[in-house]
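Atoms within a ligand are numbered from 1 in the order they appear, just like the ligands themselves. Atoms considered below: every heavy atom in the structure, side chains included; atoms not considered: hydrogens, waters and symmetry mates.
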Amino acid sequence: MTEQSFFPEGGLISVLTAEPIDRFLDYKAPEGGCFEGAFVEVPLGPRKVLGVVWGAGEGRFNPAKIRAATRVMDVAPMRTEMRDFLTRSGAYTLTPISQMLRLATRAPGLMSPPSMRKIYRLGTGTPDRVTDARTRVLQILKDHGGAAFTLKELATLADTGPTVVKGLVKQGVVQEFDAPRDVPFPTLDPNFGGIILSPEQAEASAALCASVETGRYNTTLLKGVTGSGKTETYMEAIATCLRKGRQALVLLPEIALTAEFLTRVQARFGARPAEWHSGVTMTDRRRTWRMVGEGGAELVVGARSALFLPFRDLGLIIVDEEHDGSYKQEEGVLYNARDMAVLRASLCSASVILASATPSLETWNNAQTGKYNRVNLTARYGVAEMPEMRAIDMRQEKLPASHWISPSLANAVETRMKAGEQALLFINRRGYAPTTVCRACGQQVGCDFCDARMVEHRFQNRLICHQCGESKPVPDTCPSCEVEGKMAPVGPGVERLAEEVAERFPDARVTTLSSDLFGSARALKERIESIAAGEADIIVGTQLVAKGHNFPHLTLVGVIDADLGLQGSDLRAAERTFQLMRQVAGRAGRSEKPGVAMLQTFQPEHPVIRAILSGDEEGFWRTECGERQQAAVPPFGRLAGIILSAEDAQQVFEFAGEMARRDGPLQSIGAQVFGPAPAPIARVRGRHRVRMLIKSDKSAPLQHAISQWVNQFRVPNAIRLAVDIDPVNFF
Ligand code: ADP
Ligand code: ZN
C-alpha cells in the first residue's frame, strides 16, 4: 500500500465531490486533520456534500476565502488504486470524474453515523427440546466460531424461520446483541464443500488457481460449453483467492441468476456472499459498500456496478457470460463492465476470469493474440452431450396464416411429451405482437414520442413502446383513418406464441418465461425452479431462458425464428445470432437424455446459420475476425458513437453538421467521421437523435482527439451530447 499523505487541520486539500462541477475544489482540512483519500463532508454553497480528499490543495484562490471541510466521514478512505481507477475509467469513457465518483458512492447513508441492529451469537444455555431446525441453527453458529449473524442470515443458513432462532434466544441458547447495522458478512470457508473435478476440469482449475496465486494482474478466457462446469471450476479460483486473504467479485449478467448462484456459493463455502444489484435493499447496499471497504465482505456477487465498490484488496474478478450485452451500460456513464474489470484488475494486481460458452469476438481475439490466457472445457460434465443441431427449412413447411410452429417442430414436441421430457420454444421477442396494423388503411400504431412501433402486450392489455416505456390501451378505432374494429396484431411475440402452443397442444402444461411477466426476481426464481423440477411440458420463452439456467428434463429446443437477429446491418449481428443460438441450444440435454435443437429458418444456407449448425465455433470466429479485419472495425480498429439529441430536429442537425465540418482534431489522428445521420431510432421520448460514427486505427489516441474536437464547440443547453466509446448497440 502506498504511503498516504496526512493533512493537518487547516492545511489546504483538494476535494472531489460528486456534484456536477467539473473540477476539484480547495478546502482546509477539518478539525483533527485528514488523510489523502478520506471521505469528508464539505460546505458547498448553502449545502453540505460528500467529497473525497484527492491530494494537496492548489492554493490558487485567496486563502482567506477558502472554507474548511466540516468533518471526516466514518468510512474507509478511498484507496489510491480506486482513485486511479476512477480517473482512468473516466478518461477512457470520456466521463467527468465527478460523475465517476457518483458511480462509486451509490450507497445510502454514507454521511450518516452507523445505525444499530440485532445480531445473534452462540449463548451458554441448553435448549428444553431438540428439533432438527434448532440443531441446524446451533451447528451453523458452532461452525462459524464466534461469528455473529443477522436474524435473516442465520435463519437462511439454517434453512428455517426466524421464530426458531427467537425461541432459542428466549432460552439463552442463542444470545441477541445490539451491534452497528453494518456488521461483517459471515466468513467463507474455502475448504467447506467442493466436488471432485473431472480430469479436464481439474486441469482448467489448476491453471486458474495458478493465475490467482501469482498475485499479479492477468486475464484468462474460460471457454467451455454450457454445462461443462465453468462455474464449478472458477469456484476453485475463488477459493484460492480467499485463502490468500484477498477479496473476490463475481459479475453476473442477470439478477435472476443470482439466487441459484448464492445457493452454490453456500454449498461450496458454507455461507452466502454479499450481493450488489438493483434488487438489494438500501440497508444491505449500505452494509455491502461499507464492509467491502473494511474487508468485512470476502466475496461480492453482483451486477456491473459492483465494479465500482471500494474493495480493500480485490484479488479476483469473474465476469460470467462475458459476451452478454448487459455488461454494457447504455445510460449515464457509457461503460463496458467487462473491459473496466480488466482495467481495474490491472491497477490492483488482480486476476480476471472471463467465462463464456460463446465469448465475444474481442475476447476470443485477445486470447488468440496471447493478450489473455485461455483455458478450455470441451466436454459437458458427466454423460451429458451437446445437443444435435438441425435446421427446419421453412420454405418447405406448410403453415396457416398467423401460425409459427412448423409441422416438423410440432411433431418433435409431441414426441418429447410422450417420452415425459420437456421442450423449449424460443422466440426473442417480448409481448404479444410486434406490430398492430389497421386492416382498413394499413397504418401501424407507432409511439407518439419515438420512431418506434408500439408492441402489444396482451397480458397487460396495452400497447407498449419498448424505447421509452410509454403505453396506451389497444385502440378499437384506427388512430389514422378512424375506422372501427379493424385493428389487428401482426407477427409473433412470446405471448402470442404461448397462445399458439396452448391451442396446438391442449393437454400440455405450458409455462411462459419473459421478463414482463414477473413482478419480482423471487417469482421468477420460483418459476425457474418449478421448471427444473419438471412441472412443465413446454416452456415458451425469450432471451431470459438463454442465460445459464439448468433444466435437467429439457431435451428439445425449438427456435421459432433463427433469422431474426441476422436482419440488422449491425456490426455484431452475426456474432450475436451465433452466440444466442448456441446459448439457447445449450439448454437442451443437460443431463442423461440427449438433446436436439431445431432452428426454423428461411435461409438455411446463410453462413451464420451453417456455422451454428455445424458447431465449428473456432471456424466461425476465424471467419468473422477475417471480415472485421478487412473492414478495419473492432477489434481491429476503433469506433466511437456520438449521439446528439434535441427536441428541435433542425437545430440538432445543424449543430451536428457544424461539428462534422470542423473535424480537424479527428483528422489529425487519421480518424474518419461518418454522418451526421438520423440515429437508427431517430426519435426517443420526443427528442430527435442524430448520430455520427468515428472510426480510427486501433493505435490512434481516439479519446484525446474526440475531447479536443468536442471542446471546440459550446453545446447549446437544448442539445444533449453523448460519446459512446466502443459502442455495442447501434441505436
Ligand atoms: P457451466 O457453468 O459451464 O454451465 P456448471 O458449473 O454450472 O457448468 O456445471 C453444470 C452442472 O454440472 C452443475 O449442476 C454442476 O453442479 C454439475 N457439475 C459440473 N462439474 C461437476 C463435477 N465435477 N462433479 C459434480 N457435478 C458437477
Ligand atoms: Zn416511445
Side-chain angles (χ1 to χ4, degrees), residues 191-209 220-240 248 250-254 256-270 273 299 301 316-324 352-360 363-364 374-387 422 424 525 528-529 531-534 544-555 557 579-595 597 615 617:
N191 304 321
F192 182 86
I195 47 161
I196 298 168
L197 298 175
S198 72
E200 190 187 41
Q201 290 172 341
E203 198 182 315
S205 149
L208 297 176
C209 293
T220 307
L221 161 61
L222 172 59
K223 158 97 171 64
V225 295
T226 22
S228 58
K230 291 185 295 299
T231 312
E232 299 293 352
T233 309
Y234 72 61
M235 286 287 188
E236 299 314 304
I238 297 176
T240 301
V250 177
L251 298 180
L252 298 176
E254 178 84 49
L257 295 173
T258 37
E260 192 196 331
F261 190 78
L262 297 178
T263 314
R264 289 178 77 165
V265 169
Q266 187 175 333
R268 178 62 186 82
F269 299 113
L299 173 63
V301 174
L316 172 64
I317 307 175
I318 290 158
V319 185
D320 203 354
E321 312 279 355
E322 68 88 32
H323 61 278
D324 199 284
V352 180
I353 297 173
L354 304 176
S356 177
T358 53
S360 62
T363 298
W364 184 84
R374 175 166 170 175
V375 166
N376 299 305
L377 291 174
T378 53
R380 284 193 154 181
Y381 175 72
V383 286
E385 281 177 35
M386 273 307 274
Q422 287 174 330
L424 162 69
K525 178 182 170 233
I528 285 168
E529 281 169 356
I531 295 172
L544 196 62
V545 293
K547 298 185 183 181
H549 304 295
N550 224 334
F551 299 135
H553 304 281
L554 184 71
T555 55
V557 169
Q579 285 162 340
L580 186 57
M581 293 300 115
R582 300 283 305 172
Q583 293 275 331
V584 176
R587 298 298 123 218
R590 290 195 61 163
S591 54
E592 297 84 41
K593 302 163 204 146
E617 297 184 300

Going by distance alone, is a donor N or O of one side chain under 3.5 Å from an acceptor N or O of the other, for Ser360 and Glu322?
yes
If we number the atoms of ligand 1 from 1 as shown, the ones under 4.0 Å from a heavy atom of Leu197 are 23 (N)
Within a reach of under 6.0 Å around CD of Glu203, are more than 12 heavy atoms found that belong to other residues, nucleotides or ligands?
no
Determine whether Leu424 and Val584 make a side-chain contact, defined as any pair of heavy atoms from C-beta on separated by less than 4.5 Å.
yes
In ligand 1, which numbered atoms sit nearer than 4.0 Å to a non-hydrogen atom of Ile196?
22 (C), 23 (N), 24 (N)
Would one find an N or O of Gly227, backbone or side chain, under 3.5 Å from an N or O of ligand 1?
yes
I'd like to know whether ligand 1 has Gly224 as a neighbour, heavy-atom separation below 4.0 Å.
no
If the contact criterion is a heavy-atom separation under 4.0 Å, does Val225 count as touching ligand 1?
yes
Determine whether the side chain, the backbone, both or neither of Thr231 has a heavy atom under 4.0 Å from any heavy atom of ligand 1.
both
Looking at ligand 1, does Arg264 have a heavy atom less than 4.0 Å from it?
yes
Counting N and O atoms only, with roles assigned by atom type, does the side chain of Gln579 sit under 3.5 Å from a partner on the main chain of Pro359, one being a donor and the other an acceptor?
yes
Test of understanding: with side chain to side chain contact (heavy atoms under 4.5 Å, CB included), list the residues that count as partners of Val225, not counting sequence neighbours.
Ser228, Arg380, Met386
Are side-chain heavy atoms of Arg268 and Glu236 found at a separation under 4.5 Å?
yes
